[in-house]
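The figures here come from the full heavy-atom set of this structure, side chains too, leaving out hydrogens, waters and symmetry mates. This structure is a prediction, so every number in the text was calculated from the model and none was measured.
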Amino acid sequence: MELPKNYEPKDAEGPIYKKWQESGYFNPDNLPGDRKEVFSIVLPPPNVTGTLHMGHAAMIAVEDILVRYHRMRGKRTLWLPGTDHAAIATQSKVEKEISKKEGKSRHDFGRKEFLKRVEQFASESHDTIVNQMKRLGASMDWSREAFTLDQKRTTATYTAFKRMYDAGLIYRGNRIVNWDPKGQTTISDDEIVYEEREATLCTFRYSKEFPIPVATTRPETKVGDTAVAVHPDDARYQQYIGKTYEIADFAGVPLTIKVVADSSVEKDFGTGALGVTPAHAAIDWEIAQKHNLPSKQVINEFAKMNEAAGAMLVSKKAAEARAVVTEWLRANGLLIKEEKIKQNIATAERTGGIVEPLPKLQWFVAVNKPYQAPSGETTLKEMMLRAVQDRKIAITPDRFNNVYFNWINSLRDWCISRQIWYGHRVPVWYKGEEIFVGTEAPQGDGWAQDEDTLDTWFSSGLWTFSTLGWPEATSDLKMYHPTSVLETGYDILFFWVARMILMSGFLLNDVPFKQVYLHGLVRDDKGRKMSKSLGNTIDPLEMADKYGADATRLSLIIGAAAGNDIKLSEDRVRGYKNFANKIWNISRFVLMNFDGFSPDAMGEVTGEADKAALADFEKAKVETTAQIEEFKFYQAAEGMYHYVWHTFADKVIEEAKPRLADPAVRASAQAMLWTILTGSLKVLHPFMPFVTEEIWSKLPDWKGKQLLIVEKW
RNA sequence: GCGCGCUUAGCUCAGUGGUAGAGCAUCAAGUUUACACCUUGAGGGCCGGGGGUUCGAUCCCCUCAGCGCGCACCA
């Protein structure tokens, strides 16, 4: 039996995937043999915002290695796929498209019609993404596929909300939140991106009589000031602490300013005195709470000055108002100095809008509030800390333990309500003063459901168990949870990994996974982030078509240690295509020399050289196995690459050529080559599933031959 | 401000307390029982600088520098 001279991945890969799917082996229920040990992974669900990029391909490559390896090790192996509705990301994408193409906003459609458009888009993205994952060879159990916004996951989300509400861990509160004027919604602390910009720090007095000068970069908010805070130990201002000053006219409005002492004030910044604007800065809000100060909102949801800001400023944009107030200060001799400083400005990750802190009535998850867990009283924060501290969850690479702890320690209550339309509607109904929280609308007339939707991470936090049927006590949940490994990019450690630990810890009193493996970000060959605007993206599908899915996957594995970014270039991918072809030709050579050989009647390996070659292979195999177990995929792949090319092909095969020609030792050499070839195909399979399966199918049949995907490691 | 990572061949990166490694790139030669998507060979390095521990340091410790990242602050 002879193979064609070259391996053509494009022709081979489609039919092989089909063969795998038809075998049913992606579903653990169908796997052959008695499988007691379980291995489970849930796919980090890609957002239905378009198409897969190289980062997704890297994720799929790593997870498929794990899954195929453990399946071949004889475990009951589940890789559960799904997609994420990604609330704000998807909605803003569709809004942008509609605005660009039709010049309309979501309000021109209304909630119902607009949602139809988003769902249409999401459904198309979903189909694209699923096909792309299949193209890359992902051995996922499609029969269990889930979507964060489907019926079952919605039930899970509502159930989670209700249980947390009943436990007092979800509350509605009027607090200062991050308001995105562009997206017209609140966002969580984690959805903020800081950008460094130049700002003007103005030092001024509220009036000629007011004793303490104050510094600010936002003069326009000062019409909303109700206090000045100084450090309690600041000798300069001791005499004023506790006094209240009436300012008759500050940029057209009267102010009442109380001087308070608060240790959060930095003595050395500006004048050492902070003008307290409770409604428009998070710290000021906290100070105001502590000192019982009134709050006066002067900026509205559109980042424009409101009525309370006075006639001089009303309806002006914040930036315009800033100039007006500065001019007014100058004209009235109250401006002491102006200096340029560098400032980190908070912007919304999705829309780029400048975040305006505003007081709003929102839903929050209380992370510091004690609750009764089965193991005793704790808080969500403490529980999240414990999970990793007590090594119930191990993070690879382990330096991210510290990153995780830092984040938990500075964690504040999580704002989970969003003023967007796409997502899980907050499961709360109001009727006058009455509030109903439940998984379904209450009986009776006059109830109105909360208009807001939930932060997308609220539902994706449930992902490891909502996908397994929770809140029902399904056999899947019992069998596959906690999952074995959570594999994802380090950039969503906080967004997602931490939230999963929170949700699983509270709702199941268990960890969501035992092991976290964090991969790096895929960058271009110069180390820049891949982005459409830079034009430096490499499309995984295009690479798969040109060089094969195997080569694409290998290029994302080799040279990529856990948590390190990957620099990718097309050359790299090309190099691994050559490797696939090498494996092909090794097999071709072996098959060409197999006259008179039958796997079922294979003789002993008797020659010394043959025995030595087998021992070398054994060694390589053992090493590779250990490396996979230790999550050193790059080393495992590179090691096998090197063994197969430079030991098996260059030495073992070359040196076996004369023996194959000698009838006396031919049988031994054949048995040796057969053993190493089949063994290598197995070890390579998790890394290069297509070419290995294709070659496997071309090998002569033997008793008990199966698809390579379920062969024993 | 707090913390983390990186610095090794032209490029991308592994690696180990005991004579420096791979892939790609470069150069030279080559048509051999599979493979030119190949083979054989060659060149190329004060392992970022300085100090320390050690018989011995690229590796461990200290320090400096450059690059990158995260978190917090930013009145």
Enquirer: Determine the Euclidean distance between corresponding P atoms of B/rG5 and B/rG43; express it in Å to zero decimal places.
Expert: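 Pairwise P distance, B/rG43 against B/rG5, rounds to 37 Å.
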Enquirer: Quick check: on RNA chain B, is the nucleotide nearest A/D662 upstream (toward 5') of the one nearest A/G272, or the reverse? Name the residue that is more 5'.
Expert: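 In this pair, the answer is A/D662.
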Enquirer: Among residues at least two apart in sequence or on other chains, which ones pass ring pair (Phe, Tyr, Trp, His ring centres under 6.0 Å) with A/W696?
Expert: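 Counting only residues at least two positions away or on another chain, A/W696 forms a ring pair (Phe, Tyr, Trp, His ring centres under 6.0 Å) with A/W702.
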Enquirer: Is it true that atom NZ of A/K243 has more than 12 heavy atoms of other residues, nucleotides or ligands lying nearer than 6.0 Å?
Expert: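 Yes, NZ of A/K243 has more than 12 neighbouring heavy atoms, counting only those of other groups under 6.0 Å.
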Enquirer: Could you give the distance separating B/rU53 and B/rC60 at their C1' atoms, to the nearest angstrom?
Expert: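 These two C1' atoms come out 8 Å apart once rounded.
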Enquirer: Just checking A/F579 against A/Y547, ring centres under 6.0 Å apart?
Expert: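 A/F579 vs A/Y547: aromatic centres not under 6.0 Å.
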Enquirer: Please confirm whether A/K657 makes a cation-pi placement over A/F589, using NZ or CZ under 6.0 Å from the six-membered ring centre and within 45° of the ring normal.
Expert: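 Yes, cation above the ring, under 6.0 Å and within 45°.
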Enquirer: Indicate yes or no for a side-chain donor-acceptor contact from A/R588 to the backbone of A/L3 under 3.5 Å, with no hydrogens or angles considered.
Expert: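 Such a contact is found between A/R588 side chain and A/L3 backbone.
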Enquirer: Using the P atom on both, measure B/rU31 against B/rU39 and round to a whole Å.
Expert: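 Taking atom P in both B/rU31 and B/rU39, they lie 16 Å apart.
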Enquirer: Residues in salt bridge (charged side-chain N to carboxylate O under 4.0 Å, His left out) with A/R399, at least two apart?
Expert: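 Once residues adjacent in sequence are excluded, A/R399 has no partner under the salt bridge (charged side-chain N to carboxylate O under 4.0 Å, His left out) criterion.
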Enquirer: Have a look at A/L568 and say if it touches a base, only the backbone sugar-phosphate, or nothing, with a 4.0 Å heavy-atom cut-off.
Expert: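 Touches nothing.
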Enquirer: What is the per-nucleotide protein-contact pattern of nucleotides 35-45 of chain B, from the 5' end, where B denotes a base atom under 4.0 Å from a protein heavy atom, S denotes such proximity for sugar-phosphate atoms only, and - denotes neither?
Expert: BSBSSS-----
Enquirer: Does A/Y547 reach a base, just sugar-phosphate, or nothing at all? Heavy atoms under 4.0 Å.
Expert: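 Nothing: the residue A/Y547, judged by heavy atoms under 4.0 Å, touches no strand.
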Enquirer: Between B/rC71 and B/rU63, how many Å separate the two C1' atoms, rounded to a whole number?
Expert: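 Here B/rC71 and B/rU63 have their C1' atoms 26 Å from each other.
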Enquirer: Quick one: label A/A229 by what it contacts on the DNA or RNA (base, sugar-phosphate, nothing), any heavy atom closer than 4.0 Å.
Expert: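 The answer is nothing, as A/A229 stays clear of every strand by at least 4.0 Å.
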Enquirer: With sequence neighbours left out, what residues match A/Y245 under ring pair (Phe, Tyr, Trp, His ring centres under 6.0 Å)?
Expert: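 With neighbours one apart ignored, the set is A/F210.
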Enquirer: Mind pulling the stems RNA chain B is in, i.e. runs of at least three Watson-Crick or G-U pairs, everything under 3.5 Å?
Expert: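 Counting only runs of 3 or more consecutive pairs, the stems involving RNA chain B are B:1-7 with B:65-71, B:10-13 with B:21-24, B:26-30 with B:38-42, B:48-52 with B:60-64.
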Enquirer: Heavy atoms, side chains only, cut-off 4.5 Å: are A/L329 and A/F250 in contact?
Expert: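 Contact flag for A/L329/A/F250 side chains = yes.
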Enquirer: Just jot down the salt bridge (charged side-chain N to carboxylate O under 4.0 Å, His left out) partners of A/D189, sequence neighbours excluded, or say none.
Expert: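 So A/D189 forms a salt bridge (charged side-chain N to carboxylate O under 4.0 Å, His left out) with A/R412.
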Enquirer: Cation over ring, A/R175 on A/F364, under 6.0 Å and within 45°?
Expert: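 The answer is yes, since A/R175 meets both limits relative to A/F364.
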Enquirer: Looking only at the aromatic ring of each residue, does the gap between the centers of A/Y490 and A/F400 stay below 6.0 angstrom?
Expert: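 Yes: the rings meet the under 6.0 Å criterion.
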Enquirer: Say you pick atom P in B/rC37 and the same atom in B/rA42; how far apart are they, in whole Å?
Expert: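 Taking atom P in both B/rC37 and B/rA42, they lie 24 Å apart.
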Enquirer: Round to a whole Å and report the spacing from CG of A/L591 to P of B/rU33.
Expert: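 Distance check: A/L591 CG to B/rU33 P gives 19 Å.
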Enquirer: Roughly how many Å apart are B/rC46 and B/rU12, using the C1' atom of each and rounding to a whole number?
Expert: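 To the nearest whole Å, 23 Å.
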Enquirer: Using the ring pair (Phe, Tyr, Trp, His ring centres under 6.0 Å) criterion, which residues pair with A/F648? Sequence neighbours excluded.
Expert: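 Expected list: none.
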Enquirer: Considering every strand and a 4.0 Å limit on heavy-atom distances, what is the contact class for A/L493: base, sugar-phosphate, or nothing?
Expert: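 Nothing, no heavy atom under 4.0 Å.
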Enquirer: For A/D539, enumerate each residue passing the salt bridge (charged side-chain N to carboxylate O under 4.0 Å, His left out) test, keeping only those at least two apart in sequence or located in another chain.
Expert: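 With neighbours one apart ignored, the set is empty.
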Enquirer: Between P on B/rA34 and CD1 on A/I653, what's the gap in Å once rounded to a whole number?
Expert: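 Rounded to the whole Å, the gap is 11 Å.
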Enquirer: Ring pair (Phe, Tyr, Trp, His ring centres under 6.0 Å) with A/F597: which residues, sequence neighbours excluded?
Expert: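 Per chain and number, A/F597 pairs via ring pair (Phe, Tyr, Trp, His ring centres under 6.0 Å) with A/F594, A/W674.
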Enquirer: Distance check needed: B/rU33 C1' versus A/I586 CD1, whole Å only.
Expert: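 Checked: the CD1 to C1' distance equals 15 Å.
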Enquirer: Scan A/T217 against the nucleic acid and name what it touches under 4.0 Å (heavy atoms): base, sugar-phosphate only, or nothing.
Expert: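 Sugar-phosphate, backbone atoms only, no base.
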Enquirer: Whole Å only: how far is the CG atom of A/L660 from the P atom of B/rU33?
Expert: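 Those two atoms, CG and P, are 12 Å apart.
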Enquirer: Please state the C1' separation for the pair B/rA72 and B/rG1 - nearest whole angstrom.
Expert: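 B/rA72 and B/rG1 have their C1' atoms separated by 8 Å.
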Enquirer: Using a cutoff of under 3.5 Å, can you pull out all pairs of nitrogen or oxygen atoms linking the protein to nucleotides 29-31 of chain B, with atom names and distances?
Expert:
none

Enquirer: Consider the side chain of A/N593, meaning its heavy atoms from C-beta on, and name the nucleotide among B/rC24, B/rA72, B/rU33 that approaches it most closely.
Expert: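 Selected nucleotide: B/rU33.
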Enquirer: Summarise protein proximity over nucleotides 3-14 of chain B in one line of letters, 5' to 3': B for base, S for sugar-phosphate only, - for none, counting protein heavy atoms closer than 4.0 Å.
Expert: -SS------SSS
Enquirer: Give me the distance, rounded to whole Å, that separates B/rG41 from B/rG3 when you measure between the C1' atoms they each carry.
Expert: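 Roughly 49 Å separates the two C1' atoms.
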Enquirer: A/R666: what forms a salt bridge (charged side-chain N to carboxylate O under 4.0 Å, His left out) with it, not counting sequence neighbours?
Expert: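 Scan of A/R666 (salt bridge (charged side-chain N to carboxylate O under 4.0 Å, His left out), adjacent residues dropped) gives none.
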Enquirer: Where each residue is assigned the nucleotide of RNA chain B containing its nearest heavy atom, which of A/K222 and A/I192 is assigned the position nearer the 5′ end?
Expert: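 The residue mapped nearer the 5' terminus is A/I192.
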Enquirer: Look at all strands and tell whether A/V276 reaches a base, only sugar-phosphate, or nothing, counting heavy atoms closer than 4.0 Å.
Expert: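 A/V276: no heavy atom of the nucleic acid under 4.0 Å.
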